Protein chains: 2
Amino acid sequence: MVKKKKAANPRRSQVERSATSRQRLLSAAAAEFAARGFAGANVDRIARAARVNKAMIYYHFKSKAALYREILRDMFEAVAVRVSAAAQDPAAPAEKVRAFVDAIATEAEARPHFPPIWFREIAEGGAHLDETTVASITGIIGALGRILHEGRAAGRFQAVNPLLVHAGIVGPLRRRLERGGVPGASMVSRDQVVAHVQRVALLALEGPTA
Amino acid sequence: MVKKKKAANPRRSQVERSATSRQRLLSAAAAEFAARGFAGANVDRIARAARVNKAMIYYHFKSKAALYREILRDMFEAVAVRVSAAAQDPAAPAEKVRAFVDAIATEAEARPHFPPIWFREIAEGGAHLDETTVASITGIIGALGRILHEGRAAGRFQAVNPLLVHAGIVGPLRRRLERGGVPGASMVSRDQVVAHVQRVALLALEGPTA
DNA sequence: GTCTATAAATAGATAGAC
DNA sequence: GTCTATCTATTTATAGAC
């Protein structure tokens, strides 16, 4: 009788055994990285927020950087998967654009800390990204590019740079500014934002050239 | 005979006497903050890039934070001034939107490090901003708000949230991604970007509701 | 105004007991 | 898996000579 308990996927068994502290750390870290960026984030603060001993960070993850990379990998992979599905769906290009926007919005909603982190990585030129994550991002942009190309081939869209469309989508799809005295900042609902972005993206693609 | 040389504006005389090192520090710091953010920035690196002794940072500025605030203040003030001018100009609302976009683009061009810094501050919720700078930003959003309101009153624009329009403008108006394997990233010129953003902004405001 | 040397504080990381 | 104590490196900031 060969023992089987050690033969299981190490990743899976680890998750089973320590889902709590590991999970707490991941979500506390996401919040910290979102609020302060990679360099500004503090492992003590992460541990405290997760109500977990700081040493656990180095038990579950190799380093602060590895923890950050893991969060990024997870976030961008999730978006890439959903976005690719939207691009492959048999639907009209315009509908795919709507699905693309909604895919990002949905993932951003499920992970409230995703947009700020994304923003920072853009500002930083992707300094902290590993190859897997770069591949995910390339996949996201690529999926959008395919949708745009398809619409253009069908004579529905005009030629616009995918990166600019992408920026026009990601820009507004961040969390509303909560402070700073900007009036009306927190009065925009999720659905309003999504509807606005979808409308603008489609106008940019289908509207007159003028 | 009262001596006059000490009576001059201390700020002015300081600038006159040390324009070189002070100026070098400011521009080196802007680059560093843009590339790495406030927390990620390193004063040694700033001093080295400016070819100035590190102690000079604390001679000219109170601290790393004060240096950062000074850069932000300058950048946002310049944008606020130009943007307010655009809003006051006697022109049709649509033209004012174009001027608004161009104003930001022009300042961003004059200060290449402005867009990434702006991006970070947005992600951070304005954590490092002093009151003066918050006022500038409020002024920028306010100027856009007035333009939109005017266009709406004239029956030309539809009702859209100024913050979303603003995000749609600032989002694409960042520096083009230079790396990361994104195809076509660096193929977008300044004028193409500005034209795209202007077009999209106006479509969002004037286009059909559908 | 400029420089060297160094103080002082932070913060990432690890050893080792339990 | 979890904790305490601590090491170490980095980095902001200052004192003081020139």
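Computed from a predicted model, the values in this text were never measured in an experiment.
Within the 4.5 Å cutoff, no side-chain heavy atoms of Arg36(A) are placed close to those of Asn42(A). At least one side-chain heavy atom of Ile71(A) sits less than 4.5 Å from a side-chain heavy atom of Leu67(A). Counting heavy atoms from C-beta on, the side chains of Leu72(B) and Leu129(B) come closer than 4.5 Å.
With rounding to whole Å, Tyr59(A) atom OH is found 12 Å from dC3(D) atom P. The interatomic distance linking Leu67(A) (CG) with dA11(C) (C1') rounds to 15 Å, in whole Å. Rounded to a whole Å, the CZ atom of Phe61(B) is 17 Å from the C1' atom of dT14(D). Between the CZ atom of Arg24(B) and the C1' atom of dG1(C) there is a distance of 15 Å, rounded to whole Å. Look at CZ on Arg51(A): it is 17 Å from C1' on dG1(D), rounded to the nearest Å. Protein atom CG of Leu25(B) is 12 Å distant from nucleotide atom C1' of dT2(C), rounded to whole Å. Atom P of nucleotide dT2(C) and atom CG of Asn53(B) are separated by 9 Å, given to the nearest angstrom. Rounded to whole Å, the distance from CE on Met56(B) to P on dC3(C) is 7 Å.
A donor-acceptor contact under 3.5 angstrom links the side chains of Glu124(A) and His128(A), judged on distance only.
An OP1 or OP2 oxygen of dT2(D) is reached within less than 4.0 angstrom by a side-chain nitrogen or oxygen of Ser21(A).
Taking the side chain to side chain contact (heavy atoms under 4.5 Å, CB included) definition, one finds that Ala65(A) meets it with Phe38(A), Ser63(A), Arg69(A), sequence neighbours left out. Residues passing the side chain to side chain contact (heavy atoms under 4.5 Å, CB included) test with Ala99(A) are Ala86(A), sequence neighbours excluded. For the ring pair (Phe, Tyr, Trp, His ring centres under 6.0 Å) test, residues two or more places apart in sequence or in another chain that qualify with Phe76(A) are Phe114(A), Trp118(A). With sequence neighbours excluded, the residues satisfying side chain to side chain contact (heavy atoms under 4.5 Å, CB included) with Glu109(B) are Arg190(B).
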After noting the C-alpha distance and the side-chain angles of Asp130(A) and Arg73(A), does the key distance pass the side-chain contact (heavy atoms from CB on, under 4.5 Å) rule? CA-CA 8 Å; Asp130(A) 57 21; Arg73(A) 213 179 305 128; 3.0 Å; yes
Collect all protein-nucleotide pairs involving nucleotides 10-13 of chain D in which both atoms are nitrogen or oxygen and the distance is under 3.5 Å.
{"residue": "dT11(D)", "atom": "OP2", "partner": "Asn42(B)", "partner atom": "ND2", "Å": "3.4"}
{"residue": "dT11(D)", "atom": "O5'", "partner": "Asn42(B)", "partner atom": "ND2", "Å": "3.4"}
{"residue": "dT12(D)", "atom": "OP1", "partner": "Ala41(B)", "partner atom": "O", "Å": "3.1"}
{"residue": "dT12(D)", "atom": "OP1", "partner": "Lys64(B)", "partner atom": "NZ", "Å": "3.4"}
{"residue": "dT12(D)", "atom": "OP2", "partner": "Val43(B)", "partner atom": "N", "Å": "3.0"}
{"residue": "dA13(D)", "atom": "OP2", "partner": "Tyr58(B)", "partner atom": "OH", "Å": "3.3"}
{"residue": "dA13(D)", "atom": "OP2", "partner": "Lys64(B)", "partner atom": "N", "Å": "2.9"}
{"residue": "dA13(D)", "atom": "N6", "partner": "Lys54(B)", "partner atom": "NZ", "Å": "2.8"}

Using a cut-off of under 3.5 Å, enumerate the N/O to N/O pairs linking the protein to nucleotides 16-18 of chain C.
none

